[in-house]
Amino acid sequence: MIRSKINELLSLESSLDKALVKGWVRTRRDSKSFSFIELNDGSCLKNLQIIAADTIENYEQIKTLSTGSSISVIGRMLESPGKSQKWELHATSIDIIGLATEIYPLQKKRHTDEFLRTMAHLRPRTNKYGATFRIRSELSFAIHQFFREKGFRYVHTPIITGSDCEGAGELFHVTAFDLGDIPKNAGSIDFSMDFFGKEANLTVSGQLSAEMFALALGDVYTFGPTFRAENSNTRRHAAEFWMVEPEMAFCDLDENMNLAEDFIKSLTSHILNQCSEDMELFAQFVDKGLMSRLENTLSGEFIRISYEDAVAIINQSGHEFEYELSFGKALQAEHERFLTEKHFDKPVIVYNYPKEISPFYMRLNDNDRTVAGMDVLLPTIGEIIGGSQREERMDILISRMEELGLNKQDYWWYIDSRRFGSVPHSGFGLGFERMMMFLTGISNIRDVIPFPRTPKSIDF
RNA sequence: UCCCCAGUAGCUCAGUCGGUAGAGCAGAUGGCUGUUAACCAUCGAGUCCGCGGUUCGAGUCCGUGCUGGGGAGCCA
């Protein structure tokens with residue numbers, strides 16, 4: 001007999017003579033001649049109510065079932081006389097698969113996120129985390145669907161990269177050395193003896209690789225894990241996180257911003273449409289302002305302002321800020337929050353940043369002061385996307401690298417792409433977990449990733 | 001890395017002026033009941049985060065370390 005998923009059974013149109021379900025007991029209540037079992041199999045937020053009559057042969061055993069135990073049930077799906085559910089399963093037989101003892105730590109009450117973080121292996125069995133990770137799965141699918149419908153190709157860029165190429169933050173080193181006996185040459189580490197024959201690290205971005213494929217396949221994207229060894233202790237940083245990075249040939253900054261806005265809106269409406277039951281949980285119990293914020297994101301256009309206009313708005317606002325702002329200084333979190341949450345109360349795209357605070361690959365504007373970079377800022381989240389039109393002119397690219405003191409030899413293949421048939425191209429990176437936080441209202445990044453990696457924390 | 005806050009029963013917390021530990025939930029047992037965070041009664045449950053100090057006496061005060069949370073920086 002084929003196992004039915006609970007979400008299928010709960011959407012039945014008429015009763016069913018025989019059904020088989022398997023799942024985990026959420027709670028059980030005894031009545032005079034039968035027992036109510038709330039069963040969840042992860043297919044949806046809702047539980048299936050099971051009626052286990054005392055005529056079932058192993059009824060004495062069934063009465064010992066505690067929260068967390070796994071069972072297999074065969075029975076009839078009938079309309080429920082109770083108020084809280086349409087259907088219930090009247091069991092004809094119940095097999096106990098695995099008992100959970102009374103020390104099972106998840107009680108049928110609300111737990112704090114901090115407590116559940118200490119049992120990341122069990123927390124997906126709770127309502128909130130089950131909903132979170134169903135949405136995470138659906139969001140991943142929505143990303144692939146969005147790009148596929150637009151003719152993008154999915155590129156798998158390397159996880160292990162050679163040397164400190166991107167220069168974005170602290171790197172995790174990758175080595176096959178015996179750490180107790182590292183080969184040295186004149187006092188410094190001899191990487192020629194290591195697995196790759198040179199220094200290797202975990203990737204901090206797939207961008208440079210993706211650019212090579214955009215210049216071959218046209219429109220591409222990457223979607224994979226990214227690693228930063230920064231000692232960041234905040235609710236929106238993790239050492240291992242997922243990033244989505246589209247890269248488009250023959251694309252300028254305006255078209256890049258168009259795609260970024262379209263992308264965020266599409267993902268938002270996809271999740272609202274496809275995960276309405278799970279989203280209802282977040283709207284009710286996690287963040288009362290969630291739905292109005294998401295609707296605000298979908299209605300109308302994002303605000304687009306240049307960096308210089310943003311600086312002017314902030315300085316003329318009359319608001320007190322901890323950090324002073326002038327041309328050439330980076331926007332602080334307080335400035336970003338002011339723009340998205342107070343001044344505009346909308347998602348904001350800030351573009352054309354000063355070249356002094358921008359990486360080498362962003363395209364230099366004609367004024368020679370700014371580059372064609374852009375950040376998408378969301379209320380409550382801050383920066384969710386960073387992107388740019390890339391510098392496609394080889395001579396300017398090289399002089400920018402020299403200005404910033406980068407070693408051209410390390411980037412020979414990147415420069416080479418500008419030597420042969422170079423074209424204007426653009427792309428951006430979106431923090432996947434931050435998008436999850438935006439969509440669910442969950443305020444800590446550790447709670448939207450299955451097994452979070454943060455400084456001093458890798459227990460699972 | 002810096003600043004602030006917290007750490008007491010399995011969980012969430014209370015604990016007064018420094019005088020030796022308490023509630024709800026969970027668990028166990030019994031009762032009741034088409035219940036639905038079920039209900040009622042009874043019972044058990046503690047390295048008060050660790051170390052050091054002050055004191056006749058420390059959960060409480062001081063120092064220090066660890067862990068967790070919030071904010072900042074960096075960023076996605």
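Note on naming: letters A, B, ... go to the chains in the order of the sequence lines (proteins, then strands), and numbering restarts at 1 for each one. The model shown is predicted, which means the values in this text are computed figures rather than measured ones.
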With sequence neighbours left out, which residue pairs that include part of residues 430-460 of chain A fulfil the ring-ring contact (aromatic ring centres under 6.0 Å, His included) condition?
A/H121-A/F460, A/F223-A/F432
From [atom1] of [X] over to [atom2] of [N], roughly how many Å is that when rounded to an integer?
| X | N | atom1 | atom2 | value |
| --- | --- | --- | --- | --- |
| A/R110 | B/rC11 | CZ | P | 15 Å |
| A/N231 | B/rC2 | CG | P | 9 Å |
| A/F223 | B/rA76 | CZ | P | 17 Å |
| A/E170 | B/rG73 | CD | P | 18 Å |
| A/R28 | B/rA28 | CZ | C1' | 13 Å |
| A/I385 | B/rC75 | CD1 | C1' | 14 Å |
| A/F36 | B/rC39 | CZ | C1' | 14 Å |
| A/I51 | B/rU33 | CD1 | C1' | 13 Å |

With no angle test and no hydrogens, is the base of [N] tied to the side chain of [X] by a donor-acceptor pair under 3.5 Å?
| X | N | answer |
| --- | --- | --- |
| A/N233 | B/rU1 | yes |
| A/R434 | B/rC75 | yes |
| A/E88 | B/rG34 | yes |
| A/S232 | B/rC74 | yes |

To the side chain of A/R228, which of B/rA72, B/rU35, B/rC75 is closest?
B/rC75
From the set B/rC75, B/rG71, B/rU35, return the single nucleotide nearest to any side-chain atom of A/H237.
B/rC75
Are the ring of A/F241 and the base ring of B/rA76 both nearer than 5.5 Å at their centres and tilted by less than 30°?
yes
Under a 3.5 Å cutoff, is there a donor and acceptor pairing between the side chains of [X] and [Y]?
| X | Y | value |
| --- | --- | --- |
| A/D113 | A/Y129 | yes |
| A/N365 | A/T370 | yes |
| A/D254 | A/Y351 | no |
| A/S35 | A/R28 | yes |
| A/E392 | A/H425 | no |

Below 4.0 angstrom, which residues in [range] have at least one non-hydrogen atom near RNA chain B?
| range | value |
| --- | --- |
| residues 328-353 of chain A | A/Q332, A/A333, A/R337 |
| residues 61-85 of chain A | A/S80, A/P81, A/G82, A/K83, A/S84, A/Q85 |
| residues 436-454 of chain A | A/N444, A/I445, A/R446 |
| residues 112-123 of chain A | A/T112, A/E114, A/F115, A/R117 |

Could you measure between the two [atom1] atoms, the one in [N] and the one in [M], and give it in whole Å?
| N | M | atom1 | answer |
| --- | --- | --- | --- |
| B/rG27 | B/rC61 | P | 35 Å |
| B/rG73 | B/rA14 | P | 31 Å |
| B/rA21 | B/rU1 | P | 39 Å |
| B/rG10 | B/rG46 | C1' | 12 Å |
| B/rC32 | B/rG15 | C1' | 36 Å |
| B/rG30 | B/rC11 | C1' | 25 Å |
| B/rG24 | B/rC39 | C1' | 15 Å |
| B/rG57 | B/rU20 | P | 15 Å |

Positive for side chain to side chain donor-acceptor pair (under 3.5 Å) with A/E38, one of A/Q85, A/R29, A/K46
A/R29
Show the numbers, then the answer: is there a side chain to side chain contact (heavy atoms under 4.5 Å, CB included) between A/L48 and A/E88?
CA-CA 6 Å; A/L48 176 64; A/E88 60 190 22; 5.7 Å; no
Is it the case that the side chain of [X] and the backbone of [Y] share a donor-acceptor pair, with hydrogens and angles ignored and the cut-off at 3.5 Å?
| X | Y | result |
| --- | --- | --- |
| A/R136 | A/V448 | yes |
| A/E245 | A/S205 | no |
| A/T67 | A/R26 | yes |
| A/T92 | A/I74 | yes |

Students often get this wrong, so: under 4.0 angstrom with heavy atoms, is [X] touching a base, only sugar-phosphate, or nothing?
| X | answer |
| --- | --- |
| A/R236 | base |
| A/F432 | nothing |
| A/E322 | nothing |

Going by ring pair (Phe, Tyr, Trp, His ring centres under 6.0 Å), A/F263 matches just one of A/F146, A/Y221, A/F302, A/F152. Which one?
A/F146
If the condition is side-chain hydrogen bond (donor to acceptor under 3.5 Å, both in side chains), which residues does A/T27 pass it with, not counting sequence neighbours?
A/K108
Residue-phosphate contact under 4.0 Å: A/S31 side-chain N/O, B/rU35 OP1/OP2
no
Applying salt bridge (charged side-chain N to carboxylate O under 4.0 Å, His left out), run through A/K150 and A/D262 and close with a yes or a no.
CA-CA 11 Å; A/K150 287 189 156 33; A/D262 188 12; 3.1 Å; yes
Strictly by Watson-Crick or wobble contacts shorter than 3.5 Å, is anything paired with [N], and which nucleotide is it?
| N | result |
| --- | --- |
| B/rA6 | B/rU67 |
| B/rU1 | B/rA72 |
| B/rC61 | B/rG53 |
| B/rC43 | B/rG27 |
| B/rC32 | none |

Closer to the 5' end of RNA chain B via nearest nucleotide, is it A/Y104 or A/H111?
A/H111
Answer yes or no on whether A/R369 is positioned over the face of A/F327, meaning its NZ or CZ is under 6.0 Å from the six-membered ring centre and within 45° of the axis.
yes
Using every non-hydrogen atom in the two residues, find where A/E336 and A/E383 come nearest and quote the distance to one decimal.
OE1-N, 3.8 Å
